[in-house]
Structure formats: C-alpha cells, structure tokens
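Accompanying notes for the structure given below.
When a residue number appears, it is its place in the shown sequence, counting from 1.
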Amino acid sequence: MKNDLKLPLILKQTMVRANAMIVVKAIGLVGKVFMTRLVGAEGIGLYQLAYSFYGLILMIISGGLPTALGMFTAKHTARGWRLFKVFAIFLIITGLACSVLTFWLSKPIAYLLGYPKLDVVIRCFSPAILAVPLLSLLRGYLQGLERYTAIALSEIIEQTARIGTLMWLVPIFIQSGIELAVGGAVLGTFTGALLAFAMLTAIFMYNRPSVAISPPSTRTDLPLVVHASFAIALTRLLNPVSDFMDAIIIPQRLQVAGVSSKEAAEMFGIVTGIALVVAYMPTLITGSLTHTLTMKITADWQNKDYSLFYKKNQAALQIAWVWGLASGFFIFEYASEISLFVFGIQNAEIPIKSLAMLPLLVGLREITTSILWAQNRKKTPFIGLGTGVLVNFMILYSLVAIPGLGYAGMSLGIIMLELIATAWNFKALELFQRTNSRTAVMLLVDILVFEVILIMVTLCSKLLSSLGWPETGLIIIEILHYCFWCALYLKVRLKRVFEE
C-alpha cells in the first residue's frame with residue numbers, strides 16, 4: 001500500500017513544479033511577444049545568436065554540477081552542504097574569469113557569429129555569466145533536499161525580474177538601434193538571477209536544515225560528484241554546442257543560398273526564437289516530471305526496488321506520450337493563429353507546423369534520459385544525442401544552402417536530432433521489444449482520439465461560421481473547445497495510468 005501512494009506523490013510534486021513553470025513560461029512568452037513586436041524577426045534573430053554563445057559558456061562553467069550535487073544530496077543529505085560550499089567557491093572564481101573574458105573578447109566573438117553589431121549584446125551578457133551558475137548550483141542543492149516549492153518560487157521571481165527589465169529597457173534603447181535594444185533585453189538575465197539567488201539564500205538561512213552543520217565528507221565524495229557531473233555535462237553540453245554551431249552555420253549557409261545577412265538573421269530568429277519557443281512550451285510538463293522523477297527513481301534503483309522503479313518509469317512514459325500528442329496536434333492545427341495573432345509575424349506558420357512533433361519527441365527523450373541516468377548509464381544518452389547532433393549538422397550544411405529550402409532544412413535538422421536521440425534511448429532501454437500488442441493498441445487509440453477531437457471541433461467551428469459569427473470569436477471558441485475535450489481525455493487516460 002505504501003508503494004502505491006508514491007506515484008501520486010510524484011504527480012503532486014510534478015504539478016508544483018509544472019504550475020511554477022507554466023507561470024514562468026507564460027511570463028517568458030509575454031516578454032518574447034513584446035520583444036518580437038518591437039524589434040521584429042531580425043532583433044529576435046540577433047538575440048538568439050548571442051544567446052547561443054551565452055548558453056554554451058554557462059554549460060562549460062557549471063556543467064552537470066547542479067544535477068550531480070542534487071542527486072548526491074538526495075542520498076547523503078548531511079554531506080551535501082559541505083560539497084555545495086566547495087563547488088560554490090569554484091564557480092565564483094570560474095564565473096568571474098569567464099565574465100571578464102567575455103566582456104574583453106566581445107568583438108571577436110561577434111565576428112565569429114558573423115554579426116559584428118552583436119558586440120554590445122554579448123557584453124551585456126557578461127554579468128549573468130557570474131550570477132547564473134551560482135543560482136543553478138543552489139537550486140541543485142535544494143533539489144536534493146526536495147525544496148521544490150522554494151525552487152519554483154525562485155524561478156517565478158527570476159523570470160518576472162528578467163522580463164520586467166526587458167520591457168523597461170527595450171523601449172528605451174530601441175530608438176538607438178536594434179542591437180542596443182537587444183542588449184537591454186539580455187541585461188534582464190542578470191537582474192533576474194540576482195534577485196532569485198537573494199531570495200533562495202534568504203529562505204535557506206531562515207529555514208536552515210539541521211544537516212547544514214555536516215560531518216566531514218569522505219575522500220570519495222568530491223571525485224564521485226565531479227565524475228557524475230562530467231558524465232551529465234557531456235550529455236547536456238551537446239545541446240548548447242549544437243545551438244552555438246547552428247548559430248554559426250545557419251546564417252552563413254543561408255547567405256550561400258543568396259539570402260542577405262538581414263534576411264538570414266530574420267529566418268534564424270523565426271525558427272529558433274518563435275517556432276522552437278512554441279514547440280518547446282508544452283515540454284514544461286514533461287520537464288517538470290523529469291525534475292521530480294530523477295531523484296525518486298535514482299533512490300529506487302539504489303535501493304533495488306525494481307518493481308516501483310519500472311512502475312514509475314512506465315507511468316512517466318505514458319504521460320509524455322499522451323501529453324506530447326495533445327500538444328503536437330494543437331500546435332499543428334493552430335500554427336497560423338499562433339504566428340499571426342500572437343507574434344504578429346506571418347512567415348512563422350510553416351516552421352511552427354514543421355516542429356509540431358517536437359513536444360512528443362523531447363518529452364520521451366527527457367524521460368528516457370532520466371531513466372538511463374538513474375541506472376548509472378550516463379554515456380548512453382550522450383552517444384544518441386551526439387549522433388543526432390552530427391546528423392543535424394550534415395542536414396543544415398547541405399540543405400540550408402539550397403535556395404528555397406532554408407526553413408525546411410532547419411526544421412528537418414532539429415526533428416532528426418530529437419528523433420535519433422529518442423530512438424537511441426528506446427533501444428538502450430529495450431522499450432521497442434517490451435511493447436506488447438495491448439500497449440500498441442492503446443497508443444493507436446490515443447492518436448485516433450486526438451484526430452477525432454480535431455475533426456469534431458473543426459466541424460463545430462464551421463457550423464458557427466455559417467451562422468455569421470466573427471472570425472476572432474470562432475478561433476477562440478474552437479481553441480477552447482479543443483482544450484476542453486483534450487483535458488477531459490487526459491484526465492480519464494492518466495487516471496487509468498495511475499490505477500494500473
């Protein structure tokens with residue numbers, strides 16, 4: 001009976017995380033829409049180009065330390081505090097050095113990215129390079145202590161401060177040029193991290209756990225966490241490396257196809273700053289599930305409670321599948337409305353539709369990666385993701401340079417990266433072999449149900465249209481109609497998952 005109650009506990013912790021992430025993503029989306037309407041697709045493209053460098057530097061500095069520390073603290077609570085202090089000193093020194101170097105070398109970095117006017121934007125990122133790794137480390141430690149509410153609150157504060165700074169500075173600097181406006185936008189990254197770190201520190205000091213006064217760590221603690229950090233970082237480093245290489249390859253290859261540098265920045269911004277943002281929005285649910293699931297299944301595997309381990313994994317995979325289908329169908333069907341009415345950019349419709357299957361692929365990849373990590377098979381996801389990144393580079397280099405295939409090449413590269421990485425994880429976990437006829441039929445039913453829902457809401461919309469309803473009202477009613485039936489099916493379907 002005790003084990004049966006643990007799955008709902010995971011779901012509750014996931015929903016705490018998910019609710020916070022919904023707020024965070026909603027605030028972020030407001031900021032993205034606000035910025036897009038002010039600086040246009042070119043400004044978003046420049047922002048994404050600079051952010052690719054920033055994301056790479058952050059991963060190089062902190063690597064997998066936050067996650068590794070969290071996993072270690074979950075198993076050895078008393079010794080986690082001592083390691084946190086050691087790693088914090090390391091990150092302060094490393095972050096300060098990288099921050100100063102980024103400020104000094106901003107011009108060569110901007111030239112490497114192919115846009116010299118990115119100089120000021122990259123300089124504006126330098127303060128965040130010091131603050132954000134420390135914030136990530138503190139969150140990792142608190143994750144090991146299962147302080148999910150504090151972490152969620154800090155993320156909301158960080159995002160609010162970041163977007164607040166963006167909405168304050170972008171209108172001020174836009175009159176001086178797009179690059180200065182984008183520079184003002186990225187300054188919010190530092191203000192958000194600073195406020196979130198101050199809040200978490202205050203909460204921790206006020207409600208300091210008794211384990212904070214810890215016994216001496218064993219000699220193997222530091223090498224163990226560092227080794228785990230490197231293994232996790234190898235997998236996670238591939239994404240920022242891939243993003244950075246994309247930022248270099250895509251604009252250059254688009255210009256080979258005859259596109260101007262301005263148009264190349266716009267196309268890059270539409271795909272990476274709009275289409276990918278829309279496609280990744282639904283993954284906040286599976287990301288939240290992964291956030292809470294990793295610690296739980298790691299403990300189950302260490303305790304050799306394999307029955308509970310596999311039960312949790314099966315439930316998580318089904319959640320990722322059903323949610324990925326629901327959100328993917330929505331994105332594909334309403335790509336035009338999202339592009340035009342939300343972002344005010346008509347050219348984003350086709351890229352958004354092309355990436356509609358990403359929520360499903362990313363969700364399954366994140367869940368299977370967590371399972372492999374819990375089994376201490378950290379090299380396996382790295383190999384799969386690395387293979388996907390290589391295929392992505394080949395597709396980008398060959399297709400994007402062909403006139404007329406810019407958007408198609410970028411979308412295909414992204415899809416193939418996620419598809420290969422997900423399939424590799426499935427193969428390693430032998431999930432293809434474990435899929436029985438009953439599971440296959442249930443998955444097919446899921447697909448058919450969402451197709452029926454789409455057909456039904458479309459027919460209702462056409463019926464209302466014949467009665468002379470305004471177009472905007474029809475779109476809103478159709479979307480609400482779709483969401484209602486999807487929510488109802490999700491409730492019934494996921495209830496059955498946990499009952500099993």
Side-chain angles (χ1 to χ4, degrees), residues 28 47-72 84 87-88 90-103 105-106 109 112-113 118 121-122 124-141 143 151 155 158 162 186 189-190 192-193 196-197 225-249 272 276 280 283 287 290-291 294 362 365-366 369-370 372-373 378-379 381-390 392-393 414 417-418 421:
Y47 179 88
Q48 294 298 130
L49 286 167
Y51 206 92
S52 68
F53 168 77
Y54 168 71
L56 178 62
I57 291 299
L58 284 187
M59 183 51 64
I60 291 174
I61 295 172
S62 58
L65 273 180
T67 301
L69 179 62
M71 296 173 72
F72 178 85
F84 168 77
F87 291 134
F90 168 76
L91 288 183
I92 289 173
I93 296 172
T94 308
L96 182 61
C98 290
S99 178
V100 172
L101 285 174
T102 297
F103 189 86
L105 300 176
S106 59
I109 295 168
L112 177 64
L113 291 169
L118 281 176
V121 182
I122 293 170
C124 290
F125 265 127
S126 57
I129 292 174
L130 172 61
V132 173
L134 284 172
L135 175 62
S136 300
L137 184 70
L138 181 55
R139 282 177 177 158
Y141 173 68
Q143 183 181 352
I151 294 172
E155 289 170 337
E158 179 187 12
R162 187 178 77 82
V186 304
T189 309
F190 170 69
F197 185 83
V225 176
V226 171
H227 182 268
S229 171
F230 275 118
I232 294 170
L234 281 176
T235 302
R236 291 185 174 175
L237 187 62
L238 284 173
N239 279 331
V241 167
S242 176
D243 291 342
F244 185 66
M245 293 302 298
D246 288 350
I248 296 175
I249 294 173
T272 62
L276 271 179
Y280 278 121
T283 63
T290 304
H291 184 83
T294 301
V362 173
R365 176 178 62 79
E366 287 180 340
T369 298
S370 293
L372 289 166
W373 282 355
K378 298 181 176 68
K379 292 181 181 179
F382 171 76
I383 296 172
L385 195 56
T387 305
V389 168
L390 289 176
N392 174 49
F393 287 159
I414 295 167
L417 187 157
E418 294 292 348

Could you state the interatomic distance from OG1 (T189) to CD1 (I129), rounded to the nearest 0.5 Å? 10.0 Å
Euclidean distance, C98 SG relative to L91 CG, rounded to 0.5 Å: 10.0 Å
Side-chain donor/acceptor of S99 to backbone N/O of G95, under 3.5 Å: no
Measure the OG-CG distance between S242 and L237 for me, rounded to the nearest 0.5 Å. 10.5 Å
Criterion side-chain contact (heavy atoms from CB on, under 4.5 Å) on L276 and I414, from CA distance to verdict: CA-CA 9 Å; L276 271 179; I414 295 167; 4.0 Å; yes
Is there a side-chain contact (heavy atoms from CB on, under 4.5 Å) between V226 and F87 once you walk through the steps? CA-CA 10 Å; V226 171; F87 291 134; 4.0 Å; yes
Contact check, side chains of N239 and L385, non-hydrogen atoms, under 4.5 Å: yes
Does L138 form a side-chain contact (heavy atoms from CB on, under 4.5 Å) with F84? I'd like the steps, not just the answer. CA-CA 8 Å; L138 181 55; F84 168 77; 3.8 Å; yes
If I compare all heavy atoms of S52 with all of D243, which pair ends up nearest, and what's the gap? CB-O, 3.7 Å
Using atom types as modelled and distance alone, determine if a side-chain donor or acceptor of T283 lies under 3.5 Å from a backbone N or O of Y280. yes
Using the side-chain contact (heavy atoms from CB on, under 4.5 Å) rule, take T102 and Y54 through it: C-alpha gap first, then chi angles, then the decisive distance, then the call. CA-CA 9 Å; T102 297; Y54 168 71; over 6 Å; no
Okay, side chain of S370, backbone of E366: is any donor-acceptor separation there less than 3.5 Å? yes
Non-hydrogen atoms of V241 and F393 that approach each other most closely: O-CZ, 4.5 Å
R162 meets the side-chain hydrogen bond (donor to acceptor under 3.5 Å, both in side chains) criterion, sequence neighbours left out, with Y47, Q159
Do P133 and L58 come close enough that some side-chain heavy atom pair is under 4.5 Å? yes
Tell me the closest heavy-atom pair linking L96 and L130, and the distance in Å. N-CD1, 3.6 Å
CZ (F244) and CD1 (I57) are apart, to the nearest 0.5 Å, by 8.0 Å
Once rounded to the nearest 0.5 Å, what's the spacing between atom CZ of F72 and atom OG1 of T67? 15.0 Å
Of all heavy-atom pairs linking A193 and V132, the shortest is CB-CG2, 3.7 Å
What distance do L112 atom CG and I122 atom CD1 have between them, rounded to the nearest 0.5 Å? 8.5 Å
Which atom of W373 lies closest to which atom of P381, heavy atoms considered: NE1-CG, 4.1 Å
Taking all heavy atoms of S229 and all of G63, pick out the closest pair and write down the distance. OG-C, 4.4 Å
